[in-house]
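What follows is a single structure, written as structure tokens, with notes after it.
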Amino acid sequence: MARIKYHFNPHTLKYEKVIVGVRKRLLIVLGWIATAVVFGALFLWIAYTHFDSPKERQLRNEIDGLKYQYDILQKRVELSETVLHDLENRDDHIYRVIFEADPIPRSVRQAGYGGIEKYKALQQYDNSRLMVETSKKLERLEKQLYVQSKSFDETLDLAKGKATMLASIPSIQPLSTDDCVIGSGFGYRIHPIYKTSLMHSGIDFTSNIGVPIHATGDGTIIEVAYDGRGYGNHVIINHGYGYESLYGHMSKISVRRGQKVKRGEVIGAVGNTGASTGPHCHYEVIRNGSKINPINFFYNDLTPEQYQIVIEQASKANQSLD
Ligand SMILES: [Zn+2]
């Protein structure tokens with residue numbers, strides 16, 4: 001029921017009915033609607049900004065759970081890295097040393113990873129840093145694990161080939177100890193022909209023409225040649241593992257290029273060919289292209305006492321025959 005309003009007319013001194021026009025009624029209705037809209041919007045704004053919906057609450061809980069899991073994951077990755085570093089250390093300083101393999105350089109172990117582009121998809125979130133860092137750590141761990149497993153494969157192959165390696169690396173004298181005397185050791189000395197101080201890159205075993213010369217390790221003959229101004233008739237054996245040995249000034253060569261030889265096998269005889277001032281065998285050990293002191297490779301067929309004598313002879317001997 002519509003309420004009827006009255007107002008007092010002072011001229012007629014009577015209460016008169018107030019008649020409200022359609023236009024005014026419409027304005028009143030619109031006013032109410034506008035107020036309702038404004039309050040409604042205000043209420044919704046407060047609800048949206050200050051209170052979570054059940055779905056939002058659930059998502060927020062899920063994010064907290066995920067952050068927690070990410071933290072645990074990071075710690076586990078760090079722990080795995082520590083274990084891996086220990087393995088790398090043992091590999092570089094024990095296993096690889098045993099098999100005479102060089103340690104794996106730090107630069108290879110820490111090989112480049114990631115790049116900003118790779119993690120672009122993870123950059124736009126509140127927890128981007130956590131996600132990117134964890135992903136990077138995991139990726140680094142994967143790379144390091146790969147390098148380490150490759151190294152173990154290599155070490156395993158070296159271990160399997162250890163027997164072959166021991167048989168191959170030069171480890172005896174090319175002449176029997178009874179058949180020779182060390183005339184000159186490795187190092188600088190006055191050259192017997194040029195009379196100037198020159199590097200003597202091997203050991204001279206003074207002996208007699210025709211005394212047998214032995215291969216000092218298993219290998220393949222890679223050079224049989226004559227050099228009138230140098231080594232004369234000489235033989236080079238490739239032993240693998242970076243090792244070669246050279247035998248110079250021979251009177252006779254009893255092997256041919258490409259032939260496989262065993263340690264101790266006779267490859268020729270002592271002579272005086274090439275730049276030589278007397279019958280002797282000039283013997284060299286070459287490792288990775290560098291001539292090194294053969295004195296360190298005579299340990300196999302000598303007793304400790306004999307080895308001591310050889311070392312003394314080699315250090316005193318300076319009568320080089322070249
Ligand atoms: Zn020599």
Side-chain angles (χ1 to χ4, degrees), residues 100 165-192 198-207 211-225 227 230-250 253 255 261-322:
E100 294 184 48
M165 184 176 106
L166 287 177
S168 302
I169 293 174
S171 63
I172 60 168
Q173 292 191 153
L175 270 68
S176 303
T177 26
D178 304 336
D179 288 343
C180 64
V181 172
I182 292 181
S184 176
F186 181 92
Y188 282 89
R189 50 84 187 96
I190 300 296
H191 193 278
L198 280 175
M199 176 68 187
H200 188 235
S201 51
I203 285 184
D204 288 343
F205 293 93
T206 310
S207 189
V211 166
I213 297 174
H214 308 270
T216 55
D218 293 3
T220 309
I221 308 291
I222 53 163
E223 189 170 314
V224 172
D227 172 8
Y231 296 127
N233 286 321
H234 62 278
V235 166
I236 298 179
I237 300 176
N238 181 3
H239 301 280
Y241 308 95
Y243 287 94
E244 287 175 7
S245 59
L246 179 149
Y247 312 78
H249 314 297
M250 297 158 94
I253 295 173
V255 287
V261 289
K262 290 276 174 200
R263 174 178 295 144
E265 202 172 316
V266 174
I267 56 168
V270 172
N272 191 24
T273 56
S276 171
T277 52
H280 78 287
C281 173
H282 171 93
Y283 175 63
E284 289 182 1
V285 173
I286 301 133
R287 192 187 180 201
N288 297 327
S290 304
K291 294 175 178 184
I292 52 177
N293 195 343
I295 196 84
N296 301 317
F297 295 88
F298 295 158
Y299 43 79
N300 237 20
D301 58 344
L302 300 180
T303 63
E305 293 75 24
Q306 282 174 313
Y307 188 62
Q308 191 59 39
I309 292 168
V310 166
I311 299 247
E312 275 167 25
Q313 271 187 10
S315 64
K316 282 182 200 152
N318 52 13
Q319 187 45 65
S320 149
L321 301 165
D322 260 70

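By convention here, the first residue in the shown sequence is residue 1.
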Problem - Worked verdict on Phe205 versus Ile203 for side-chain contact (heavy atoms from CB on, under 4.5 Å) - result: CA-CA 6 Å; Phe205 293 93; Ile203 285 184; 3.7 Å; yes

Handout entry: Asn293 side-chain N/O to Phe186 backbone N/O, donor-acceptor pair under 3.5 Å
Key = no

Practice task
Return the set of residues passing salt bridge (Lys or Arg N to Asp or Glu O under 4.0 Å) with Glu244 (not counting sequence neighbours), or none when no residue passes.
Solution key: none

Practice task
State, with a plain yes or no, whether a side-chain heavy atom of Ile182 is found less than 4.5 Å away from one of Asp204.
Solution key: no

Problem - Validation row, ring centre Tyr247 to ring centre Tyr231 under 6.0 Å - result: no

Handout entry: Short side-chain to backbone donor-acceptor contact, Ser245 and Glu284, under 3.5 Å
Key = no

Exercise for the section: Measure from the ring center of His234 to the ring center of His282 and say whether it is less than 6.0 Å. Expected result: no

Handout entry: Side-chain donor or acceptor of Ser176 paired with backbone N/O of Asp178 under 3.5 Å
Key = no

Practice task
On the 0 to 90° scale, with breaks at 30° and 60°, tag the His249-His280 ring pair as parallel, tilted or perpendicular.
Solution key: tilted

Completion exercise
Correct closest heavy-atom pair for His200 and Gly202 would be ND1-O, 3.0 Å

Completion exercise
Scanning both residues in full, the closest heavy-atom pair of Val255 with Val224 reads O-CG2, 3.9 Å

Practice task
Could you give me the CA-CA distance, side-chain angles and deciding distance for Ile172 and Arg263, then say whether side-chain contact (heavy atoms from CB on, under 4.5 Å) is met?
Solution key: CA-CA 8 Å; Ile172 60 168; Arg263 174 178 295 144; 3.7 Å; yes

Practice task
For the pair Asn233 (side chain) and Met250 (backbone), establish whether a donor and an acceptor sit closer than 3.5 Å, ignoring hydrogens and angles.
Solution key: yes

Problem - Expected output: side-chain Thr216 to main-chain Pro174 donor-acceptor under 3.5 Å - result: no

